[in-house]
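The structure presented is a predicted model; accordingly, all values stated were derived computationally and were not measured.
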Amino acid sequence: ECGAGTVQCGDQCADLATDSRNCGGCGQDCNNNETCVSGICEPLMCTGSLVACRNGCVDLSADVDNCGACGDSCGTGESCQSGQCICPAGSPCSIVGNQGRVVGGACDANTACDAASQCLTGQDFSQGTCTKTCQSTADCPDETECIDVNGEGACLLKCSDNDQCRDNYDCQNQDLLAGNGEARVCMGN
């Protein structure tokens with residue numbers, strides 16, 4: 001049963017005066033650049049670098065619910081950095097699952113990774129892994145290292161033990177790009 005000021009819309013309670021997905025009536029959806037004001041979809045005006053996304057002005061470079069684009073939400077434990085969902089080592093998303101779409105997530109094609117990433121496949125990357133190209137670790141998201149993969153730089157998740165890597169991956173020593181030493185990263189086993 002819905003509380004005061006809300007009505008049943010499908011399986012949820014909605015305030016028809018302010019809910020941008022049920023504005024003025026159940027299922028009446030405002031556009032991304034609108035907000036629901038007194039049951040009417042009104043244009044949303046944002047200032048500076050903020051962008052109008054459903055019912056609010058957001059920073060696409062840092063908003064976990066609108067990371068890089070309106071409605072693109074990051075997974076549990078991921079943060080939004082420079083408009084990309086990042087799964088830091090040691091966080092719940094990086095332990096075993098490695099669900100980050102920029103670096104570490106499973107993939108079968110480049111389209112399975114974020115636009116700034118690519119899918120590495122082959123025997124070292126069982127079920128594929130999303131990565132970014134790099135010249136040094138400074139080019140990589142936090143908690144990743146720039147590793148030499150066949151003469152090219154690839155950002156891979158840092159680790160200290162196998163438990164931090166997803167299924168079919170182990171924490172292994174690999175050469176950093178340009179012979180700058182080694183780092184421990186998640187690689188296919």
Colleague: Do Cys46 and Cys57 have their SG atoms under 2.5 angstrom apart?
Modeller: yes
Colleague: Taking side-chain contact (heavy atoms from CB on, under 4.5 Å) as the test, write out the residues that go with Gln8, two or more places apart.
Modeller: Cys2, Cys13
Colleague: Is Asp19 reaching over with its side chain to a backbone N or O of Asp15, donor-acceptor style, under 3.5 angstrom?
Modeller: no
Colleague: Under 3.5 Å, which donor-acceptor pairs link side chains of residues 144-153 to any protein atom two or more places apart or in another chain?
Modeller:
from, atom 1, to, atom 2, distance (Å)
Thr144, OG1, Pro141, O, 2.6
Glu145, OE1, Thr137, OG1, 2.9
Asp148, OD1, Gly151, N, 2.7

Colleague: Which distance, rounded to the nearest 0.5 Å, do you find between the CG of Leu50 and the OG of Ser61?
Modeller: 9.0 Å
Colleague: Using modelled atom types only, decide if a donor and an acceptor are shared between the side chain of Gln172 and the backbone of Gly188 within a distance under 3.5 Å.
Modeller: yes
Colleague: If you measure SG to SG, does Cys26 sit under 2.5 Å from Cys9?
Modeller: yes
Colleague: Begin with the C-alpha distance, continue with both residues' side-chain angles, and end with the deciding distance and a verdict on disulfide (SG to SG under 2.5 Å) for Cys53 and Cys70.
Modeller: CA-CA 5 Å; Cys53 286; Cys70 291; 1.9 Å; yes
Colleague: Distance-only, no hydrogens or angles: does the Thr131 side chain make a donor-acceptor pair with backbone N or O of Cys155 under 3.5 Å?
Modeller: yes
Colleague: Suppose clustering is done on Ile, Leu, Val, Met, Phe, Trp and Tyr with side-chain heavy atoms closer than 4.5 Å. Which residues sit in the same group as Met45?
Modeller: none
Colleague: If you define the side chain from C-beta out and look only at heavy atoms, does anything of Asp29 sit under 4.5 Å from Arg21?
Modeller: yes
Colleague: For Glu42 and Glu34: C-alpha separation, side-chain torsions, deciding distance, then whether side-chain contact (heavy atoms from CB on, under 4.5 Å) applies.
Modeller: CA-CA 5 Å; Glu42 299 280 344; Glu34 295 178 325; over 6 Å; no
Colleague: Between Cys165 and Cys171, is the SG gap short of 2.5 Å?
Modeller: no
Colleague: Once rounded to the nearest 0.5 Å, what's the spacing between atom CZ of Arg184 and atom CG of Leu156?
Modeller: 14.0 Å
Colleague: When rounded to the nearest 0.5 angstrom, what is the spacing between SG in Cys119 and CG in Asp108?
Modeller: 6.5 Å
Colleague: Members other than Val7 in its cluster, when Ile, Leu, Val, Met, Phe, Trp, Tyr link by side-chain heavy atoms under 4.5 Å?
Modeller: Leu16
Colleague: Could you please spell out the steps behind the side-chain contact (heavy atoms from CB on, under 4.5 Å) verdict for Asp63 and Cys80?
Modeller: CA-CA 6 Å; Asp63 189 309; Cys80 182; 5.6 Å; no
Colleague: Grouping I, L, V, M, F, W and Y whenever their side-chain heavy atoms are under 4.5 Å apart, do Val64 and Val103 come out in a common cluster?
Modeller: no
Colleague: Please check if atom CD in Gln135 has more than 12 non-hydrogen atoms from other residues, nucleotides or ligands closer than 6.0 Å.
Modeller: no
Colleague: Among all residues two or more places apart in sequence or in another chain, which pass the side-chain contact (heavy atoms from CB on, under 4.5 Å) test with Ser126?
Modeller: Asn168, Tyr169
Colleague: Is there a side-chain contact between Gln174 and Met187 in this structure, where contact means two heavy atoms from C-beta onward sitting under 4.5 Å apart?
Modeller: yes
Colleague: Is Cys23 disulfide-linked to Cys36, taking SG-SG under 2.5 Å as the test?
Modeller: yes
Colleague: Supply the atom-to-atom distance Lys158 NZ to Cys140 SG, rounded to the nearest 0.5 angstrom.
Modeller: 10.0 Å
Colleague: Are Val185 and Leu177 linked, directly or through intermediate hydrophobic residues, by side-chain heavy-atom contacts shorter than 4.5 Å (ILVMFWY only)?
Modeller: no
Colleague: Just how far is it from atom CD of Glu182 to atom CG of Asp175, taken to the nearest 0.5 Å?
Modeller: 5.5 Å
Colleague: When rounded to the nearest 0.5 angstrom, what distance separates SG in Cys130 from CZ in Phe125?
Modeller: 12.0 Å
Colleague: Apart from Val51 itself, what residues make up its hydrophobic cluster when side-chain heavy atoms of I, L, V, M, F, W and Y under 4.5 Å apart count as a link, directly or indirectly?
Modeller: Val58, Leu60
